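Below is one structure, written out as structure tokens; comments come after it.
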Amino acid sequence: EDKVVQSPLSLVVHEGDTVTLNCSYEVTNFRSLLWYKQEKKAPTFLFMLTSSGIEKKSGRLSSILDKKELFSILNITATQTGDSAVYLCAVAGNEKLTFGTGTRLTIIP
Amino acid sequence: NAGVTQTPKFQVLKTGQSMTLQCAQDMNHEYMSWYRQDPGMGLRLIHYSVGAGITDQGEVPNGYNVSRSTTEDFPLRLLSAAPSQTSVYFCASSYANSGNTIYFGEGSWLTVV
């Protein structure tokens, strides 16, 4: 059975701090790993990773995939209160997308 | 751009009632899916479809039916609502099957009393 595990479950930091969110997986026929940010409503897309070792960046957010060790990290530098959200990791395998339970990130001003 | 449209956004049902959550997408995506999201459980796949006329079960299919008569629409039917089906439901779509960016609807908040 496909499995995606995210850690930590929740994280509280001060504005300006840097955070690292973790996602490990066991999936049959891996196709890609996706990161989403969820605030009050539907998840919004952040990154899709398919190749090991290639960092994807968008502003203060970056992510990298290690297909040998089966994990990915999402980094957020210089955090802002608007970064407070649940961050979801999902892995695409055989016709299915399996989600982790998410990491709830809270940024204190 | 409409994207993925879900209705209704909020619904309260009595135990034993049936209802249909509607989902439509205008991006000509082959792949559509329904998830439910419960506290501490993440998003769990209920049913999915890789194209018109084809559906399959996900992780938590019991108590739900789907059909895919057109590429655009993928309704989710609750046959006899139970309090355990109180949840937030998300419809999603993407090109081909998994591996591509998936687009979510806004969510449907369902309470079964």
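Throughout, a chain's letter reflects where its sequence line sits, starting with A, and its residues are numbered from 1. Given the structure is predicted, the values throughout are model-derived calculations rather than measurements.
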| query | Hey, what's the ring geometry for Trp109(B) with Phe10(B), parallel, tilted or perpendicular (30° and 60° as the breaks)? | reply | tilted

| query | Where on Leu45(B) is there a heavy atom nearer than 4.5 Å to chain A: the side chain, the backbone, both, or neither? | reply | side chain

| note | Cut-off 4.5 Å, heavy atoms of chain A, and the answer for Gln37(B) is side chain

| request: Please collect all salt bridge (charged side-chain N to carboxylate O under 4.0 Å, His left out) contacts where either partner lies in residues 102-112 of chain B, sequence neighbours excluded, each pair once. | output: Lys41(A)-Glu106(B)

| remark: Comparing Phe30(A), Phe45(A), Phe47(A) against chain B, the one with the most heavy-atom pairs below 4.5 Å turns out to be Phe45(A)

| query | Can you tell which of Asp56(B), Leu43(B), Val88(B) has the highest number of heavy-atom pairs within less than 4.5 Å of chain A? | reply | Leu43(B)

| ring-ring contact (aromatic ring centres under 6.0 Å, His included) against Tyr35(B), all qualifying residues, sequence neighbours excluded | Phe99(A)

| message | What I want to check is whether the side chains of Ser52(A) and Asp66(A) have a donor and an acceptor closer together than 3.5 Å. | response | no

| Between Tyr95(B) and Tyr103(B), do the side chains contain an N or O donor and an N or O acceptor separated by less than 3.5 Å? | no

| said: Does any backbone or side-chain atom of Gln38(A) lie under 4.5 Å from a heavy atom of chain B? Answer side chain, backbone, both or neither. | reply: side chain

